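The structure under discussion appears below in the form of structure tokens.
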There are 2 protein chains.
Amino acid sequence: MTRPGGRTARVRAQVLRATGDALAEQGFAHLDLADIARRADVGKTTVYRRWGSVTALVADLLIDMAEESSPRSDTGSLLGDLRANADLVLRTLTDPRQGRLFTSIIAAATCDVQAAEALHGFYATRVAEWAPCVERAIERGEAPEGTDAQAVIRAVSAPLYYHLLTTGRIDPSVADQAATAAAVAARAGVFVCQD
Amino acid sequence: MTRPGGRTARVRAQVLRATGDALAEQGFAHLDLADIARRADVGKTTVYRRWGSVTALVADLLIDMAEESSPRSDTGSLLGDLRANADLVLRTLTDPRQGRLFTSIIAAATCDVQAAEALHGFYATRVAEWAPCVERAIERGEAPEGTDAQAVIRAVSAPLYYHLLTTGRIDPSVADQAATAAAVAARAGVFVCQD
DNA sequence: CACTTAAAGGAACTGGAGTCCCGTTATGAC
DNA sequence: GTCATAACGGGACTCCAGTTCCTTTAAGTG
């Protein structure tokens with residue numbers, strides 16, 4: 001018999017919040033579970049028993065994060081929607097807390113298979129949430145039939161993450177360029193699935 | 001007075017090679033310096049004294065890696081060159097050893113500022129090495145004057161790294177799509193610097 | 001409202017990563 | 001060749017992240 005209700009759920013919420021805080025403040029490397037337990041006001045034994053490692057905590061955090069959906073926009077044009085998406089990603093990655101949090105999560109995902117799979121799931125839901133923008137654009141005739149909607153959405157985020165990784169900074173011009181490039185390529189039929 | 005020659009250089013080479021091996025085999029997380037010292041056939045005190053941490057080792061490894069240049073191609077067309085670049089990145093990331101190595105390096109760079117800066121330097125040199133392809137394309141009239149050559153090169157790699165991070169796999173079709181999208185966007189003038 | 005037991009908490013314990021100390025090697029200068 | 005010392009190496013030591021064990025709390029059931 002399992003007891004998910006009440007205390008168990010509260011402990012999970014407290015620990016995941018503390019994990020997010022710790023990841024944002026100290027980063028993935030110098031993180032110890034005892035500190036998270038202290039922040040969460042929870043026994044350290046509990047954290048070790050239920051999760052056991054930082055990467056497992058991150059994986060659970062990602063599952064939790066995937067549940068709250070991101071606000072999708074509807075500007076009426078493909079470029080407008082992709083710009084809105086790029087802007088959302090930009091603001092997330094440049095936000096002091098969220099930016100560091102995502103960096104730490106990426107660190108965890110590149111260290112551990114379990115965390116990596118959780119990250120894949122997280123981005124799968126996020127990309128799926130925004131895909132309808134592209135599908136509407138196809139209906140409007142802004143992109144050819146058979147265009148892979150998810151590929152277009154990924155094409156918008158990719159340069160932002162890559163820029164952050166390889167240069168350490170991102171600015172609005174990169175976001176705008178990413179959205180424009182994706183829109184142009186989509187219109188040209190680059191993302192039509194070939195099989 | 002410093003003594004870079006002979007033994008010191010040999011020790012560095014051995015340790016960096018061992019670091020690469022260990023990163024490829026065990027990943028960034030479960031890596032300890034004693035193991036690297038053993039692999040390098042070097043005293044563990046030496047590793048701790050000269051580098052002190054895994055991230056510092058990765059930073060030095062990146063400096064070393066940046067020195068050996070990547071083979072740039074010259075197919076005569078922008079799309080051809082970008083495809084060659086995408087293929088090179090694809091083969092690097094899918095190669096069993098290199099792929100794991102890069103993943104581990106990214107983990108280190110998202111954990112530590114020093115490693116991150118070394119990574120920025122590494123990609124700066126790699127991108128600069130390939131930029132001439134785009135500059136020649138501009139001369140040929142394949143892309144408008146004022147196109148940011150480095151931005152085009154980055155646009156090719158970005159989707160590959162992003163795909164690997166968010167889905168865990170990359171295949172030739174993604175590489176081809178990335179090269180094509182970058183070429184189309186470049187031709188459309190998306191990467192013309194606006195200032 | 002009992003009663004069972006899943007789950008949390010406290011505290012002592014332990015193993016190995018990282019440090020320290022001091023002796024050894026070999027580089028570079030003369 | 002000789003010398004001073006930069007750099008390496010071995011082994012003992014330390015400290016704390018992670019484990020273990022046992023007690024306490026409260027969720028779910030009838």
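In what follows, chains carry the letters A, B, and so on, assigned in the order in which the sequence lines appear, proteins first and then strands, with residues in each chain numbered from 1. As the structure is a computational prediction, the values presented were derived from the model and not from experiment.
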N/O (side chain, B:Tyr48) to phosphate O (OP1/OP2, C:dT19) under 4.0 Å | no

Please check the phosphate of D:dA7 (OP1 and OP2 only) for any side-chain N or O of B:Arg49 closer than 4.0 Å.
-> no

Start at the 5' end of DNA chain C and walk down; is the nucleotide closest to A:Asp41 or to B:Thr45 reached first?
-> A:Asp41

Reckon B:Thr46 has a side-chain N or O less than 4.0 Å from the OP1 or OP2 of D:dG9?
-> yes

Check the distance between C:dG18's P and B:Arg50's CZ and give it to me in whole angstrom.
-> 19 Å

A:Ser53 and A:Thr55: side-chain donor and acceptor closer than 3.5 Å?
-> yes

Consider only side-chain N and O atoms of B:Ser70 and B:Trp130, and report whether a donor and an acceptor are under 3.5 Å apart.
-> yes

Per atom distances to the B:Arg7 side chain, the nearest of C:dG9, D:dA7, D:dG9 is D:dA7

Taking CH2 from A:Trp51 and P from D:dT19, how many angstroms apart are they, rounded to a whole number?
-> 15 Å

For atom CG of A:Asp32 and atom P of D:dT19, their distance in whole Å | 12 Å

On a plain distance test, is the side chain of B:Lys44 in donor-acceptor contact with the base of C:dG18 below 3.5 Å?
-> yes

For B:Arg38 and C:dG16, what is the distance between atoms CZ and C1' respectively, to the nearest whole Å?
-> 11 Å

For A:Val11 and for B:Arg10, locate the closest nucleotide of DNA chain C by heavy-atom distance; then report the residue assigned to the nucleotide nearer the 5' terminus.
-> A:Val11

Lys/Arg N to Asp/Glu carboxylate O, A:Arg140 vs A:Glu135, below 4.0 Å | no

Parallel under 30°, tilted from 30 to 60°, perpendicular over 60°: which one fits the rings of B:Tyr161 and A:Tyr162?
-> tilted

Send over the distance from A:Leu31 CG to D:dC16 P, rounded to a whole Å.
-> 17 Å

